[in-house]
2 protein chains.
Amino acid sequence: MTADADVPRSRRERPAKPALTRAGIVAAAVELMRAEGLERVTMRRLAQQLDTGPASLYVYVRNTAELHAAVLDELLGAVELAPEGAGDWRDRLVRVLTSYVDVLFAHPALARSALVARPSGAHYLDLVEALLALLAEGGVPRREAAWALDLLLQHATATAAEQATRGQDTEAQDDWDALTAAVRGAADERHPQVATHGDELLSGTPQQRLSWGFHVLIGGILATPAPE
Amino acid sequence: MTADADVPRSRRERPAKPALTRAGIVAAAVELMRAEGLERVTMRRLAQQLDTGPASLYVYVRNTAELHAAVLDELLGAVELAPEGAGDWRDRLVRVLTSYVDVLFAHPALARSALVARPSGAHYLDLVEALLALLAEGGVPRREAAWALDLLLQHATATAAEQATRGQDTEAQDDWDALTAAVRGAADERHPQVATHGDELLSGTPQQRLSWGFHVLIGGILATPAPE
DNA sequence: ACCTGAACACCGTTCAAGT
DNA sequence: ACCTGAACACCGTTCAAGT
């Protein structure tokens, strides 16, 4: 309080503009995303929020993709890496992955960016560590475990990216409608298999499919040796 | 030629501007993408190419996402649905999927859009039909086949989206460098598993990993009943 | 009825010039 | 040395007004 004495009045009207730091920028980006969604986290809007010009952000962040990656890693801090309760390594593996998907589900567009620019932040490394530990506990050999890691994370991330877009967007519903229409309308001689599988193609909840996918992968991983 | 007689000279200076049609727009979009990449296939640039204003395109295409979906379906016409040569259904399944990945590899950004807005065009339906036929041939029950379809296509599409971005972009190399640096630097007590798996995490060619992924999935699919 | 000029409301990124 | 105003080169989409 007393330190304000030598700050000019004009500067005290609003809370002092905090000095820019990478951490401050990322924190503001997270806040902005929670408030308005990732698509609003642009360099210009974020700069506005921080009471500066967009050029200033480039001192601390290489580009928009790097900014989004930093936001993602921040969120990954919420993943449950050591789920409580009983269960063998498979159950715990699925629970960690499901927690990861939950985090991505809550912030749609982030999952998409995770598919494109693979993260490499501290929280992501923690997640990798936890998953590798569970695979090791299950006796999965090192090479298979390393490759399995990518497969499991890919399934989780891609599912989040797909579902996330579907839930929110209005036009995602249009996509779905178009697909169901295409499936239903495929009862011609060109697509007999599509017609036969019609109901099954549209069946199951996202949760059921995600869970089945994880079990398919775990089963396959245990049974399929990597080359070399 | 003689039909040109009653066309004013000013209109004959350049080749007659063809009437806009959805097919014409999509064809021009494909051409533009082959020449300059998907990121250049914007409404404005495409309109310029077609010698009109961007607003005119909205008469035939709902939005940019739909345009890109139409371009993707066009390209999917090149997927090898009935690969020649011997091999059981698994081999042929992997070959169809690999052909699909090859098509996406050739046009990076398209794979990303396929993950987000699930296509529903004619060529996509042909692909689905071919995959379901192979799964049926392998004795996979209807429900499992329907769900497996999504799993297989998701793996193929996501891999293409990841790899595609990595190959081209300059900053994708930066991502990779950051990741390898993170893995190499993880030899601390916080990430012992990452350190242990260091070499394996970075091992294998994209082709080896893709192929292994398909075999993991096929094995898992055959062994994992869907719920209900 | 069909088409589109012009406008609205934005973007990312760079760099010369300031402090 | 550090920071940033202003500019460059773009976007998607809408709608009133034209033919």
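Below, chain A is the first sequence line, B the second, and so on; all start at residue 1.
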Item to complete: Using the P atoms only, state how far C:dA9 lies from D:dC10, rounded to an integer number of Å.
Response: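 It comes out at 23 Å once rounded to the nearest Å.
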Discussion item. Does the structure show a Watson-Crick or G-U wobble partner for C:dC10, both distances under 3.5 Å? Name it, or say none.
Written reply: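 For C:dC10, the partner nucleotide comes out as none, under the 3.5 Å rule.
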Worksheet item: Taking a pair as Watson-Crick or G-U wobble with both distances under 3.5 Å, which nucleotide is matched to C:dC15?
Response: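 Pairing partner, where one exists within any strand: D:dG5.
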[X] has an atom [atom1]; how far is it from atom [atom2] of [N], in whole Å?
X: A:Tyr60; N: C:dG12; atom1: OH; atom2: C1'; result: 19 Å
X: B:Leu67; N: D:dC11; atom1: CG; atom2: P; result: 13 Å
X: A:Tyr58; N: C:dC15; atom1: OH; atom2: C1'; result: 13 Å
X: B:Leu46; N: D:dT13; atom1: CG; atom2: C1'; result: 15 Å
X: A:Ile25; N: D:dC3; atom1: CD1; atom2: C1'; result: 12 Å
X: A:Glu66; N: C:dT13; atom1: CD; atom2: P; result: 11 Å
X: B:Gln48; N: D:dG12; atom1: CD; atom2: C1'; result: 15 Å

Worksheet item: Charged N to carboxylate O under 4.0 angstrom, B:Glu162 versus A:Arg118?
Response: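 A:Arg118 and B:Glu162: salt-bridged.
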Worksheet entry | A:Arg95 and A:Glu80 ion-paired at < 4.0 Å |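 Here A:Arg95 does not pair with A:Glu80 in a salt bridge, since their nearest N and O are not under 4.0 Å apart.
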Practice prompt. Can you figure out which of C:dT13, C:dA6, D:dT13 approaches the side chain of B:Ala55 most closely?
Written response: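 Nearest nucleotide to the side chain: C:dA6.
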Worksheet item: Among residues 29-45 of chain B, which residues get a heavy atom nearer than 4.0 Å to DNA chain D?
Response: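 B:Thr42, B:Met43, B:Arg44, B:Arg45, in order of number.
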